[in-house]
Amino acid sequence: MIFFIYNEVMKKRLNKYILLLGVSVLLISGCNNQNKNEVSESSELDESVTPRDPVVPGVNGTAKTNYDPLEDVASYYVDIDMNKTGDSLEEELHDLISVMTKVSYGDCRYMLVYTDEAIGYPGYVYSSYDGDLIPAKWDSGETWNREHTWPRSRMGGEKTDNNLISRTSDLHNLRASCVTANDKRGNAYFGMVTSGDAFNPNITSGLKGEHRYVGDFRGDCARICFYMYVRYGRYDDECTLELNNNPSGSWTMGVLDTLLEWNIEDPVDEFETQRNNRIYEYQGNRNPFIDYPDLANNLFA
């Protein structure tokens with residue numbers, strides 16, 4: 001009788017252990033699936049890349065930051081009602097992200113070396129569109145330049161110079177980009193394929209010289225466009241940015257339905273989060289579509 005009771009107890013404990021083990025496997029599997037689309041530049045490090053010192057603001061020409069790192073991201077959105085949708089949510093987000101320290105287009109040269117530092121490769125910027133690793137220093141545009149994700153010419157044609165402080169110098173919209181990758185994009189809007197006036201941000205071949213051709217930039221570009229529309233779309237006195245499915249005008253970008261798909265298919269990764277955090281250190285504002293990617297559907301879908 002004692003043996004029978006002992007045996008039943010052990011069976012129950014064993015079943016409980018198996019159940020917990022199964023749950024753990026599912027949780028681990030779920031985490032792996034959630035992160036499987038993170039940019040490949042951080043998943044398999046290239047040991048042939050020459051080690052460099054990490055970028056430190058205020059050192060070696062890198063611009064000093066204006067704000068301390070934000071310890072609690074949720075505190076930044078404490079006054080936003082995330083249950084709202086449409087215009088009311090857009091207006092609240094606009095009011096929040098419009099409180100910022102504006103920087104000049106010239107200063108951005110010495111900020112991007114910090115904001116766009118590659119994950120796993122200290123001292124290198126991660127080039128948009130082709131995934132190149134470029135030494136994190138400004139070399140007068142010989143290897144990389146400041147790419148406007150929402151093209152400057154689609155913001156009303158404002159001429160850009162290094163003294164300019166405006167929507168065209170917003171760090172959230174600027175990416176470090178290899179010169180040839182930047183040239184290939186031009187001022188095209190974003191589409192499924194690169195053809196005519198459309199551009200797919202994942203360049204996989206065809207650039208002059210050697211390139212890495214790694215990473216997924218679709219979601220990154222989508223979330224930057226969402227930010228730019230909410231920050232400047234209907235509220236800037238000098239322009240009215242539009243985000244739609246027919247980006248034919250001088251102030252329009254899209255294709256909106258495609259960007260919404262990319263927001264899901266290419267989820268936020270470690271580089272994008274790090275970049276959002278570091279831009280906050282300069283401008284004091286954040287891209288809410290990186291912190292809360294589901295906001296895009298609440299506003300646009």
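In this text, all values refer to a predicted model and were calculated from it rather than measured experimentally.
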**Prompt:** Do the ring centers of Phe226 and Phe300 come within less than 6.0 Å of each other?
**Reply:**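 Yes - the distance between ring centres of Phe226 and Phe300 falls below the 6.0 Å cut-off.
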**Prompt:** Quick check, are the ring centers of Tyr292 and Tyr77 under 6.0 angstrom apart?
**Reply:** yes
Pairs satisfying salt bridge (Lys or Arg N to Asp or Glu O under 4.0 Å), at least one member in [range], at least two apart:
range: residues 123-146; result: none
range: residues 271-292; result: Asp116-Arg275, Glu117-Arg278, Arg223-Glu272, Arg286-Asp291
range: residues 185-201; result: Glu147-Arg185
range: residues 91-107; result: Lys84-Glu92

**Prompt:** Would you say the side chain of Pro57 lies within less than 4.5 Å of the side chain of Tyr282, judging by non-hydrogen atoms?
**Reply:**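 A side-chain contact exists here, since the closest heavy-atom pair is under 4.5 Å.
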**Prompt:** Can you tell if the side chain of Ile134 reaches within under 4.5 Å of the side chain of Tyr126, non-hydrogen atoms only?
**Reply:**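 Ile134 does not reach Tyr126 side chain to side chain.
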**Request:** Taking side chain to side chain donor-acceptor pair (under 3.5 Å) as the test, write out the residues that go with Asp46, two or more places apart.
**Result:** Ser48
**Residue list, side chain to side chain donor-acceptor pair (under 3.5 Å) with Asp87, at least two apart or on another chain** =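 Checked Asp87 against side chain to side chain donor-acceptor pair (under 3.5 Å); matches are Arg234.
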**Item:** Aromatic plane relationship, Tyr213 with His211 - under 30° parallel, 30 to 60° tilted, over 60° perpendicular
**Value:** tilted
**Message:** Starting from Leu295, can I reach Leu96 by hopping between I/L/V/M/F/W/Y residues whose side chains sit under 4.5 Å apart?
**Reply:** yes
**Message:** Check for me, please, whether Tyr129 and Leu171 land in the same ILVMFWY cluster - side-chain distances under 4.5 Å, paths through other members count.
**Reply:**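 No.
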**Asked** Can you list the residues that meet the side-chain contact (heavy atoms from CB on, under 4.5 Å) rule with Ser75, with sequence neighbours excluded?
**Response** Leu70, Asp72
**Complete:** The remaining residues in the hydrophobic cluster of Val56, counting side-chain heavy-atom contacts under 4.5 Å among Ile, Leu, Val, Met, Phe, Trp and Tyr, are Val59
In a table with atom names and distances, give each donor-acceptor pair under 3.5 Å that connects a side chain of residues 200-209 to protein atoms at least two apart or in another chain.
| from | atom 1 | to | atom 2 | distance (Å) |
| --- | --- | --- | --- | --- |
| Asn200 | OD1 | Asn202 | N | 3.0 |
| Asn200 | ND2 | Met192 | O | 2.7 |
| Asn202 | OD1 | Phe217 | N | 2.8 |
| Asn202 | ND2 | Asp216 | OD1 | 3.0 |

**Item:** side chain to side chain donor-acceptor pair (under 3.5 Å) contacts in which one or both residues fall within residues 50-68, not counting sequence neighbours
**Value:**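 Checked against side chain to side chain donor-acceptor pair (under 3.5 Å) - neighbours excluded - the pairs reaching residues 50-68 are Tyr67-Thr101.
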**Request:** Any ring pair (Phe, Tyr, Trp, His ring centres under 6.0 Å) involving residues 78-109? Give me the pairs, sequence neighbours left out, ordered by first then second residue.
**Result:**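 Residue pairs passing ring pair (Phe, Tyr, Trp, His ring centres under 6.0 Å), neighbours aside: His94-Tyr235, Tyr105-His148.
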**Prompt:** Which residues satisfy the ring pair (Phe, Tyr, Trp, His ring centres under 6.0 Å) test with Phe190, sequence neighbours excluded?
**Reply:**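 Phe190 satisfies ring pair (Phe, Tyr, Trp, His ring centres under 6.0 Å) with no other residue.
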